Number of protein chains: 2
Amino acid sequence: MLILDAALPVFVRYGFRKTTMADIARAAGISRASLYLSFSSKEDVFRAGSARAHRQTMTEVEVALKAQVSVFDRIEAAVTTFQRGLIVPLGASADARELFEINMALAADITLETRQRFLDLISLALREAADKGEINLGAVDTEPANLAGIILAAMSGIKEMRGAEPGLGDDTRLLMRLLRAALSPRPISG
Amino acid sequence: MLILDAALPVFVRYGFRKTTMADIARAAGISRASLYLSFSSKEDVFRAGSARAHRQTMTEVEVALKAQVSVFDRIEAAVTTFQRGLIVPLGASADARELFEINMALAADITLETRQRFLDLISLALREAADKGEINLGAVDTEPANLAGIILAAMSGIKEMRGAEPGLGDDTRLLMRLLRAALSPRPISG
DNA sequence: AGACAAATGGACTAAATCTGTCTAATTGTC
DNA sequence: GACAATTAGACAGATTTAGTCCATTTGTCT
């Protein structure tokens with residue numbers, strides 16, 4: 001949807017409150033009347049935009065998890081994709097907090113569903129890798145779902161602390177090295 | 001003035017229209033009531049902020065023109081300072097056009113005075129350099145004021161075309177090399 | 001040309017927001 | 001406690017916005 005592609009950057013730039021339907025229509029290159037033919041309210045635009053971004057990002061995440069590389073590389077790619085699609089854009093906004101709250105008020109279901117689906121996909125990847133002997137879960141003695149939960153929690157924690165700073169990528173890579181070292185079936189050094 | 005230091009980034013971020021007195025007060029860490037103790041209106045805040053930025057930048061420009069280096073280096077430093085203080089910040093705004101127009105509506109006098117003063121300073125530097133034989137104006141057969149005018153015009157033209165792109169600095173340096181080559185008393189190649 | 005659907009400009013009301021002003025209460029300082 | 005500075009909060013009036021509606025225009029198809 002072209003309108004949503006135009007609307008999301010406007011929300012990111014001005015925040016929800018300061019963004020008007022006229023702003024969105026202008027950005028989309030249509031009239032305000034036309035905008036109301038597609039969406040019934042500003043909340044509606046935002047909800048649809050959030051849903052679109054979540055759907056789009058998850059499609060990319062699924063692609064990343066299908067690549068013919070190690071499970072670590074696939075998970076790292078999935079995490080990076082998730083961050084770039086749903087975390088960094090919000091962090092780049094001057095009104096990140098407002099947008100987060102509005103998103104939770106208007107599109108909590110989509111957001112929580114997406115988060116859960118991301119968890120499931122990571123869990124599945126870990127479980128399959130464990131079955132193939134690619135990784136060794138015995139060393140950390142836990143279920144794939146718990147590991148996936150840790151990864152997601154660390155991601156949001158890193159985001160919380162670093163905001164839109166460049167260090168975000170570094171911390172994420174460090175997290176991935178940790179995972180790699182902990183789950184590799186053979187000792188790293190010896 | 002702390003309030004103005006806080007207010008200007010807000011104007012740059014949201015534009016004049018979308019910026020409210022509540023936004024400015026919040027950014028300055030004071031109450032809206034207090035803000036009205038110092039300024040009588042939003043226009044007043046903007047005007048004072050513009051004046052402050054212009055004054056501050058011109059002070060820096062004067063310092064740059066006093067350095068003990070070649071007239072070319074002094075002028076280049078002055079131009080860079082001018083750009084960094086008054087051009088780039090506006091260009092970084094999403095509402096650059098609105099801010100420019102508002103500035104011309106509310107603070108045209110300050111802006112034009114500053115521009116004229118900048119012209120005079122550059123002219124003076126060129127004239128003094130010519131008197132000392134550091135540069136040769138005969139090759140271009142014109143007055144220092146005209147040369148200064150060209151420099152300022154080229155600056156605004158470059159800004160117009162490149163916006164906030166990184167190429168702005170490159171074009172400016174090229175302009176300075178041109179100036180250097182044209183005014184050097186001895187031929188560059190022989 | 002004529003028929004048809006989609007998009008538009010513009011008008012409109014009600015609700016929300018913002019401005020600028022004011023006062024009583026609060027805060028911090030001497 | 002006295003004092004000045006700052007504040008929260010209320011307020012009226014002006015401006016902006018949301019959401020709706022319709023007559024007109026635009027573009028497409030036959």
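Throughout, protein chains are lettered first and strands after them, A, B, ... in sequence-line order, and every chain is numbered starting at 1. Small disclaimer: the values here were computed from a predicted structure and weren't measured.
Between the side chains of B:Y14 and A:D95, at least one donor N or O sits under 3.5 Å from an acceptor N or O.
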remark   = Its contact letters, B for base, S for sugar-phosphate only and - for none at protein heavy atoms under 4.0 Å, make nucleotides 14-25 of chain D read --SSBBB-----
query = Is there a side chain to side chain donor-acceptor pair (under 3.5 Å) between B:D120 and B:S123 once you walk through the steps?
reply = CA-CA 5 Å; B:D120 291 345; B:S123 297; 5.2 Å; no
key: Audit row: B:R84, B:E60, salt bridge (Lys or Arg N to Asp or Glu O under 4.0 Å) steps and yes/no   = CA-CA 11 Å; B:R84 269 216 298 264; B:E60 293 167 17; over 6 Å; no
request  = Determine, step by step, whether A:I3 and A:F39 satisfy the side chain to side chain contact (heavy atoms under 4.5 Å, CB included) criterion, reporting the C-alpha distance in whole Å, the side-chain angles of both residues, the deciding distance to 0.1 Å, and the verdict.
outcome  = CA-CA 10 Å; A:I3 297 178; A:F39 301 95; 3.8 Å; yes
query = Passes salt bridge (Lys or Arg N to Asp or Glu O under 4.0 Å), A:E62 versus A:R117? Steps please.
reply = CA-CA 10 Å; A:E62 285 169 27; A:R117 173 144 180 68; 2.8 Å; yes
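No donor-acceptor pair closer than 3.5 Å links the side chain of B:S34 to the backbone N or O of B:I30.
Checking the phosphate oxygens (OP1, OP2) of D:dT6, no side-chain nitrogen or oxygen of B:S34 falls inside 4.0 Å.
Between A:R47 and A:D109, no side-chain nitrogen of the basic residue sits less than 4.0 Å from a carboxylate oxygen of the acidic one, so the salt-bridge criterion is not met. Salt-bridge check for B:E113 with B:R55: failed, with every basic side-chain N at 4.0 Å or more from each acidic carboxylate O.
In the 5' to 3' direction, nucleotides of DNA chain C lying under 4.0 Å from heavy atoms of chain A begin and end at C:dA7 to C:dC18.
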